[in-house]
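What follows is a single structure, written as structure tokens, with notes after it.
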Amino acid sequence: MTLLADTPPKPLPLPRTSETLGAELRRMLVAGALDLPLTGRGALLRRWRELAGFGRRDLALARLAEGHTDAVAILAEAGQAPTSLSLYGVWASKSTGTGARFHNGRLSGTVRFCSGLTVLDRALVAAGDQLAEVDLSAAGVERHPDAWQAVGMDASDSGDVVFDDVPVERLVGPPGWYLARRGFVLGGTGVAAVWLGGAAGVLDSVGETLRVKADGHQLAHFGALHAALRGSEALLASAAATIEQAPGPGLLNDTCRASVERTARDVVDLAPRITGAGPLCRDRRFAQQLADLQVFIRQHHGERDLAALGRAVLGEAGA
């Protein structure tokens, strides 16, 4: 089984808003479309295939779907179950010194990049070295969706959340567990599968343009992107077969993420050169796909992550 299906998924109808995405996400929850194989159970390829399909359909929707499925997997790894028919997210950013604090069973502080902040029911929030589950209908949860100013991923319902002495429903795992568990690495590679799907979605749109008319230069760029996409897909598929049992899964995870990020950046760069200005200016879906992909892959920290990968490779070679 490959990660990318032969036939692209049906795209979401336009206009796309946080409200329409929230409604679609809840429909998927009720229909069981978010019930993915759990990490650590030997079915990562199927899990990542579903995640890639979400990304290929729409990256903003995929961001919310991936967050929910990651939360469910985290709870399962901790031996806990999610609240039935609740939409979850994982809010763990500590951007530029922000972040939640846990004290006396309550959360306080500001957390950035909280996707789904107006549509989710519950969130797993990183607070210091603890992971805490919060009911988002509780008093003291203050949402700031206007903090998100980017065009890319604009419908992902992201922004800042301020917690003001909010009661914690339950703690998930002991102190330090969230980052130390093996599932943290597996979840990071799952995000790369979403990026891969997003890049494939852009290439789907480029291919539709080229079926009308194409010259040799356009076809050369398109062929190069196809090869890069399939190379990253093959790496992820191979990783899915081994990473759960790998003694040091971090190196494989980081390699997969770097490969997909490089491919996605090539797509962002070359796709407009293939299509020209017409689709960028007159096709809302195509322009949105490119903007979404450019923003989403910045979860990879560029040269900083690549430098860490280089150090890890040298360390393994010298072992």
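The structure presented is a predicted model; accordingly, all values stated were derived computationally and were not measured.
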(Q) Let me confirm one number: the CD-OG1 distance from E142 to T110, rounded to the nearest 0.5 Å. (A) 8.5 Å
(Q) I'd like to know if L107 and L131 are part of one continuous hydrophobic network [Ile/Leu/Val/Met/Phe/Trp/Tyr, side-chain heavy atoms within less than 4.5 Å]. (A) no
Q: Please indicate whether F102 has more than 12 foreign heavy atoms, meaning atoms of other residues, nucleotides or ligands, lying under 6.0 Å from its CZ.
A: yes
Q: Quick one: closest heavy-atom pair of A73 and T39, and the distance?
A: CB-OG1, 4.0 Å
Q: Answer yes or no: is there a side-chain heavy-atom contact under 4.5 Å between L44 and I243?
A: yes
Q | Heavy-atom side-chain proximity of D269 to R273 below 4.5 angstrom | A | yes
Q.
I'd like to know if the side chain of R143 and the backbone of L117 have a donor-acceptor N/O pair within less than 3.5 Å.
A. yes
Q.
Once rounded to the nearest 0.5 Å, what's the spacing between atom CG of D35 and atom CE of M28?
A. 10.5 Å
Q. Short question: side chain of Q130, backbone of V125 - any donor-acceptor pair under 3.5 Å?
A. no
(Q) One thing to verify: whether D266 and R262 come together as a salt bridge, which I'm taking to mean a side-chain N less than 4.0 angstrom from a carboxylate O. (A) yes
Q: Take R257 and V191, measure what side chain to side chain contact (heavy atoms under 4.5 Å, CB included) needs, and give me the verdict at the end.
A: CA-CA 8 Å; R257 285 172 63 90; V191 172; 3.9 Å; yes
(Q) Could you measure the distance from the CZ atom of R311 to the CG atom of D254? Nearest 0.5 Å is fine. (A) 10.5 Å
Show me, pair by pair, the donor-acceptor contacts under 3.5 angstrom made by side chains of residues 163-171, not counting sequence neighbours?
unit_1: E169; atom_1: OE1; unit_2: R122; atom_2: NH2; d: 2.9
unit_1: R170; atom_1: NE; unit_2: E133; atom_2: OE1; d: 2.6
unit_1: R170; atom_1: NH1; unit_2: A81; atom_2: O; d: 3.3
unit_1: R170; atom_1: NH2; unit_2: A81; atom_2: O; d: 2.5
unit_1: R170; atom_1: NH2; unit_2: E133; atom_2: OE1; d: 2.9

Q) Can a salt bridge be assigned to the pair E50 and R47 using a cut-off of 4.0 Å between side-chain N and carboxylate O? A) no
**Q.** Closest non-hydrogen atom pair, D58 against A60
**A.** OD1-N, 3.0 Å
Q: Report yes or no: do S259 and S232 form a side-chain donor-acceptor pair below 3.5 Å?
A: yes
Q: Could you tell me whether a side-chain N or O of Q218 sits under 3.5 Å from a main-chain N or O of D215, the two making a donor and an acceptor?
A: yes
Q.
On a heavy-atom basis, which atom in P272 and which in V268 lie closest, and how many Å separate them?
A. CD-O, 3.1 Å
Q.
As an exercise, state the distance from OG of S156 to CG of L64, rounded to the nearest 0.5 Å.
A. 6.5 Å
Q: Indicate yes or no: at least one non-hydrogen side-chain atom of F113 is less than 4.5 angstrom from one of D160.
A: no
Q. Mind checking whether V313 and T255 have side chains closer than 4.5 Å, heavy atoms only?
A. no
Please tabulate, one pair per line, all N/O donor-acceptor pairs under 3.5 Å involving side-chain atoms of residues 296-310, not counting sequence neighbours.
unit_1: R298; atom_1: NH1; unit_2: E261; atom_2: OE2; d: 3.4
unit_1: R298; atom_1: NH2; unit_2: E261; atom_2: OE2; d: 3.0
unit_1: R298; atom_1: NH2; unit_2: H300; atom_2: O; d: 3.0
unit_1: H300; atom_1: ND1; unit_2: G302; atom_2: N; d: 3.0
unit_1: D305; atom_1: OD2; unit_2: H301; atom_2: N; d: 2.8

Q: Decide, yes or no, whether a salt bridge links D204 with R285 under the criterion of side-chain N to carboxylate O below 4.0 Å.
A: no
Q) Do L235 and L196 sit in the same hydrophobic cluster, where Ile, Leu, Val, Met, Phe, Trp and Tyr count as joined when their side-chain heavy atoms come under 4.5 Å apart? A) no
Q. Below 4.5 Å, heavy atoms only, C-beta onward: do L75 and L124 meet side chain to side chain?
A. yes
Q.
Check this for me: R27, atom CZ, are more than 12 non-hydrogen atoms of other residues, nucleotides or ligands nearer than 6.0 Å?
A. yes
Q) Is a donor on one side and an acceptor on the other found under 3.5 Å between the side chain of T17 and the backbone of T20? A) yes
Q | SB check D154 R16 (cutoff 4.0 Å) | A | yes
Q) What's the verdict on side chain to side chain contact (heavy atoms under 4.5 Å, CB included) for T98 and V111, showing C-alpha distance, side-chain angles and the deciding distance? A) CA-CA 6 Å; T98 60; V111 182; over 6 Å; no
Q. Run the side chain to side chain contact (heavy atoms under 4.5 Å, CB included) check on W91 and L136 step by step: do they pass?
A. CA-CA 12 Å; W91 296 346; L136 297 178; 3.6 Å; yes
Q. So, for R57 and L12, which heavy atoms are closest and what is the spacing to 0.1 Å?
A. NH2-CD2, 3.2 Å
Q) Same cluster for V202 and V295 if Ile/Leu/Val/Met/Phe/Trp/Tyr side chains link at under 4.5 Å? A) yes
Q | Any L186 side-chain heavy atom under 4.5 Å of E244 side chain | A | yes
Q) Nearest heavy-atom pair of A78 and G173: which atoms, and what distance? A) CB-N, 4.3 Å
Q) L236 and L225: same hydrophobic cluster, using ILVMFWY side-chain contacts below 4.5 Å? A) yes
Q.
With a 3.5 Å distance limit and no angle check, can you tell me whether K94 reaches the backbone of G128 through a side-chain donor-acceptor pair?
A. yes
Q: Would you mind reporting whether R112 and T96 have side-chain heavy atoms less than 4.5 Å apart?
A: yes
Q: Determine which pairs satisfy side chain to side chain donor-acceptor pair (under 3.5 Å) with at least one residue from residues 67-79, sequence neighbours left out, and list them in order.
A: E77-R181
(Q) When you compare the side chains of N253 and T189, does any donor N or O come within less than 3.5 Å of an acceptor on the partner? (A) yes
(Q) To the nearest 0.5 Å, what is the distance between CG on L219 and NE2 on H221? (A) 10.5 Å
Q: Taking atom types as modelled, find out whether S93 and S95 have a side-chain donor-acceptor pair closer than 3.5 angstrom.
A: no
Q: Evaluate the criterion side chain to side chain contact (heavy atoms under 4.5 Å, CB included) for residue pair V206 and F286; output intermediate values, then yes/no.
A: CA-CA 8 Å; V206 172; F286 178 61; 3.9 Å; yes
Q.
To the closest 0.5 Å, what do you measure between CG (L51) and CZ (R56)?
A. 14.5 Å
Q. So which heavy atom on S115 is nearest to which on S158, and how close?
A. OG-OG, 2.7 Å
(Q) Hydrophobic clustering (ILVMFWY, side-chain heavy atoms < 4.5 Å, transitive) - are F54 and V260 grouped together? (A) yes
Q | Side chain proximity check, S205 to Q289, heavy atoms < 4.5 angstrom | A | yes
Q.
Checking the side chain of R49 only, and the main-chain atoms of T2 only, is there a donor and an acceptor separated by less than 3.5 Å?
A. yes
Q | CA sep, side-chain torsions, deciding dist, call: D121, R26, salt bridge (charged side-chain N to carboxylate O under 4.0 Å, His left out) | A | CA-CA 10 Å; D121 303 307; R26 197 161 299 276; 3.1 Å; yes
Q: Give a yes or no on this: more than 12 heavy atoms of other residues, nucleotides or ligands lie within 6.0 Å of atom NE2 of H103.
A: no
